[in-house]
Amino acid sequence: MDVRFSGQALFCQISRAELETLSSGRSVDLIVSLPRHRSFRVSVRPSAMSADRGGWTLESDPTGIWLTVPRAELEQLGQTEMFAERLMREFPVSSGQQMQVILEAVPDTQPDESSVIEITPSQESPE
């Protein structure tokens, strides 16, 4: 699982194998090791409850974030082999703001690896 934060958004990208793990009732975790023997965990868990009965939840504390997604909605992902599919949900946070959570399942076969161009500052030589 890859996780990104951007403004008021949490973006979780999972593979089809991880989607199968969620569909079988188990969680998928990303654990990031931090200095001083600490870690931060992002965990996505399936819920048997439907969305209208509280199946979507977002919890957090200083050690991590726990996202629960209704299993019925997870089963809607992974229907195509070529395209990424997303579930999106907004959660209220303090002072009336919203946090958007995006859960994206990506195909196992990527057409081409993405290219990266590394830019290094030039070293000026004295004249």
Side-chain angles (χ1 to χ4, degrees):
M1 173 167 57
D2 291 325
V3 177
R4 292 188 303 239
F5 294 93
S6 174
Q8 289 299 113
L10 171 65
F11 182 82
C12 301
Q13 189 176 57
I14 59 173
S15 68
R16 297 301 164 104
E18 290 167 323
L19 179 59
E20 287 179 27
T21 299
L22 290 169
S23 295
S24 72
R26 296 173 296 169
S27 68
V28 174
D29 300 306
L30 173 69
I31 300 172
V32 179
S33 296
L34 299 171
R36 299 183 187 168
H37 306 290
R38 294 190 177 137
S39 63
F40 187 82
R41 173 186 303 261
V42 177
S43 181
V44 178
R45 304 176 289 199
S47 171
M49 295 176 24
S50 64
D52 60 342
R53 294 186 169 223
W56 279 94
T57 61
L58 181 64
E59 303 290 332
S60 69
D61 69 20
T63 65
I65 295 174
W66 294 268
L67 173 65
T68 305
V69 181
R71 184 182 281 175
E73 293 191 31
L74 288 169
E75 291 170 355
Q76 296 174 13
L77 296 177
Q79 302 299 315
T80 67
E81 293 183 20
M82 298 300 295
F83 300 102
E85 297 166 314
R86 290 182 175 177
L87 293 175
M88 295 190 297
R89 183 77 170 202
E90 287 192 349
F91 293 91
V93 292
S94 60
S95 67
Q97 295 180 342
Q98 298 284 319
M99 171 175 270
Q100 184 176 41
V101 174
I102 301 162
L103 179 63
E104 181 177 78
V106 294
D108 288 332
T109 56
Q110 295 295 331
D112 293 317
E113 294 293 322
S114 59
S115 299
V116 176
I117 297 174
E118 185 173 328
I119 300 173
T120 340
S122 64
Q123 306 243 342
E124 293 184 25
S125 58
E127 291 181 24

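Positions are given from 1, in the same order as the sequence printed here. Note: hydrogens, waters and symmetry copies are ignored here, and every other heavy atom, side chains too, is used.
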Spacing of CE belonging to Met1 relative to OG belonging to Ser43, to within rounding of 0.5 Å: 6.5 Å

Minimal non-hydrogen separation, Leu58 against Met99, with atom names: CD2-SD, 3.9 Å

Same apolar cluster (I L V M F W Y, side chains within < 4.5 Å links), Val93/Ile102: no

Minimum heavy-atom distance Glu18-Gln13, with the two atoms named: OE1-O, 4.4 Å

Chi angles and distances behind the side-chain contact (heavy atoms from CB on, under 4.5 Å) call for Gln100, Met88: CA-CA 7 Å; Gln100 184 176 41; Met88 295 190 297; 3.8 Å; yes

Atom of Leu19, atom of Ala105 and distance for their closest heavy-atom approach: CD2-CB, 4.1 Å

Hydrophobic cluster membership, Leu87 vs Phe91, 4.5 Å side-chain cutoff: yes

Within one Ile-Leu-Val-Met-Phe-Trp-Tyr cluster: Val42 and Val32, side-chain cutoff 4.5 Å: yes

Where Val69 and Trp56 come nearest, the two heavy atoms and their spacing: CG2-CZ3, 3.7 Å

Listed once per pair and sorted, the salt bridge (charged side-chain N to carboxylate O under 4.0 Å, His left out) pairs that draw on residues 95-107, sequence neighbours left out: Arg86-Glu104

Side chain proximity check, Thr63 to Phe40, heavy atoms < 4.5 angstrom: no

Non-hydrogen atoms of Thr21 and Ser27 that approach each other most closely: CG2-O, 3.8 Å

Interatomic distance, Ile14 atom CD1 to Leu103 atom CG [nearest 0.5 angstrom]: 4.5 Å

Reported OG-to-CG distance for the pair Ser47 and Leu22, which is rounded to 0.5 angstrom: 12.0 Å

CG on Leu74 to CD on Glu85, rounded to 0.5 Å: 11.5 Å

Side-chain heavy atoms of Val3 within contact of Leu10, under 4.5 Å: yes

With sequence neighbours excluded, residues passing salt bridge (Lys or Arg N to Asp or Glu O under 4.0 Å) with Asp29: Arg41

Pro107 side chain reached by Arg16 side chain, heavy atoms, under 4.5 Å: yes

From CD1 (Ile65) to SG (Cys12), nearest 0.5 Å: 8.0 Å

Atom pair CE (Met49) and OG1 (Thr68), whose distance is rounded to the nearest 0.5 Å: 9.5 Å

Same apolar cluster: Leu30 and Val28, side chain cutoff 4.5 Å: yes

Shortest non-hydrogen separation from Arg26 to Ser24 and the atoms involved: NE-OG, 3.1 Å

Stepwise side-chain contact (heavy atoms from CB on, under 4.5 Å) check, Trp66 with Asp61: CA-CA 9 Å; Trp66 294 268; Asp61 69 20; 3.4 Å; yes

